[in-house]
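Computed from a predicted structure; not experimentally measured. Both ligands and their constituent atoms are indexed starting at 1 by order of listing.
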Amino acid sequence: MADNRKLWESLGIDLKKHDQLLEVLPQVFGDLFLSQEGRPSRMAYFDGFAGDVHGFRIRELVEHKQRGGKVFGAFCIYVPEEVIYAAGGACVGLCGGVDMTVAAAERILPRNLCPLIKSSVGFKLERLCPYVEVADLVVGETTCDGKKKAWELLSEYVPLYVMELPQKKSERDLGFWEGEIWEFLKKVQEVTGREVTAEGLREAMEVFDRKRQALQRLFDLRRNDPVPISGLDALLVVQLGFLDDPVRFSQKVEELCEELQQRAEAKQGAFPKGRPRILVAGSPMVLPNWKLHALVEKQGGVVVCEESCTGTRLLTGRTDPSDGDLKGLIKAIARRQFKANCACFTPNEERVQQIVQLCQDYRVHGVIYYSLVFCQPFILEGYKVERALRARGIPVLRIESDYGDGDLEALKTRVKAFLEGLA
Ligand code: BJ8
């Protein structure tokens with residue numbers, strides 16, 4: 001801990017406020033995660049990571065920089081990590097899931113803005129996140145309007161590069177996005193001082209395909225009934241994947257899956273069979289946003305799948321690393337990414353179809369459609385999703401929530417009633 005403090009100090013972290021931030025974590029983590037009975041033993045690695053979330057990984061990144069490497073921070077799964085990795089860079093996710101930094105962000109951002117954006121910006125304004133401070137370049141993107149405009153303000157505080165993501169998915173848009181990846185590749189080369197070669201990119205693509213495959217296996221195992229891992233634990237694994245080294249992370253997830261496979265074969269569930277199986281669809285839930293999962297699982301349900309960027313959207317598709325030269329590889333990356341259905345795209349019918357399909361694949365009893373407050377793309381798309389699900393007789397509960405505790409009791413009542421209706 002003493003070493004951690006020196007580390008944080010060297011990064012310019014506001015130690016006093018940072019202490020307040022970390023102070024509550026052990027209690028919350030203990031109550032939500034460690035109190036679960038009969039957890040898979042392979043969760044120990046992820047528990048350890050969560051318990052030292054600003055420690056050992058930050059030290060690794062600092063050492064990486066001391067060896068001449070660069071660190072990139074990203075806010076969206078559309079930022080092509082493969083390109084960063086191929087130039088010897090490390091990439092970490094910077095989206096904020098903490099209520100404590102929201103008030104600081106409201107000094108420069110409107111109150112009626114999604115908490116994910118405010119929390120992320122607040123982390124920088126308050127100097128509370130070592131991942132932000134260690135980053136040499138922060139990468140934003142033009143997805144929703146909130147993010148797009150917030151990056152203009154954030155760029156006054158950090159070196160920031162913005163990728164322009166198209167709003168449609170025609171071949172023309174795909175070509176445009178390929179162009180954006182090329183521009184980004186040039187920027188990455190400039191920052192790292194290293195050339196991205198076809199061979200290096202192919203290797204990087206294999207690293208991230210392996211990561212997605214490992215997570216896909218984790219999700220496939222959640223199709224079992226009883227489900228061998230709780231929704232809370234699965235969410236934690238995915239959330240930590242945004243911070244961890246991708247090679248080590250894949251290995252740890254694969255080890256966890258081995259154990260889950262055995263549990264599934266032995267019909268050993270995280271909970272007794274018969275709990276209502278819930279799909280959560282919508283806005284991403286970034287660390288440490290465990291609010292809804294905790295509510296569902298404390299009220300007698302189990303979350304078996306997340307349709308979100310902290311869920312199936314993150315896992316979408318495979319790249320084909322055999323796609324020849326650098327040009328072919330960039331095209332393969334763009335094509336794979338375009339299979340991820342963020343609500344920022346229009347039209348977005350595939351997402352609705354995908355959610356319906358997930359309900360069958362994961363044998364769910366009901367869907368909780370979750371939007372962060374003021375997240376217009378996901379809130380608006382909720383109507384179509386709900387209509388499609390109801391037409392197929394699948395019960396839906398729509399929820400809008402933020403990172404605070406103010407709505408906890410009301411949510412609890414609604415979730416409880418929903419779960420009871422499914423029994
Ligand atoms: S690909 S979901 S990571 S944009 S929750 S900031 S959409 S107002 S996070 Fe996202 Fe990329 Fe899409 Fe995924 Fe805006 Fe909504 Fe906030 Fe969001």
Can you list the atoms of ligand 1 that are under 4.0 Å from a heavy atom of [X]?
X: F378; value: 2 (S)
X: T143; value: 4 (S)
X: I117; value: 6 (S)
X: L372; value: 5 (S)

Checking [Y] against [X]: is there a side-chain donor and acceptor pair closer than 3.5 Å?
X: H293; Y: E306; result: yes
X: N224; Y: Y362; result: no
X: T101; Y: S119; result: yes
X: E400; Y: S371; result: no
X: K291; Y: S401; result: yes

Give a yes or no on whether the backbone of R223 and the side-chain of R277 come within a donor-acceptor separation of less than 3.5 Å.
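Checking the backbone N and O of R223 against the side chain of R277, a donor-acceptor pair under 3.5 Å is found.
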So, E133 side chain and I13 main chain: donor-acceptor pair closer than 3.5 Å or not?
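No.
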Is there an N/O/S atom in C342 that lies less than 2.8 Å from atom 12 (Fe) of ligand 1?
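True for C342.
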Run the contact test for G146 against ligand 1 with a 4.0 Å cut-off on heavy atoms, strictly below, and give the result.
no
SB check R202 E199 (cutoff 4.0 Å)
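No, R202 and E199 are not salt-bridged.
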Does C375 approach ligand 1 within less than 4.0 angstrom via side chain, backbone, both or neither, non-hydrogen atoms only?
both
In terms of residue, atom name and distance, what is the protein heavy atom nearest to [atom]?
atom: atom 11 (Fe) of ligand 1; answer: C76 SG, 2.4 Å
atom: atom 16 (Fe) of ligand 1; answer: C114 SG, 2.4 Å
atom: atom 10 (Fe) of ligand 1; answer: K147 NZ, 3.7 Å
atom: atom 13 (Fe) of ligand 1; answer: C309 SG, 2.2 Å

Is there an N/O/S atom in C144 that lies less than 2.8 Å from atom 16 (Fe) of ligand 1?
no
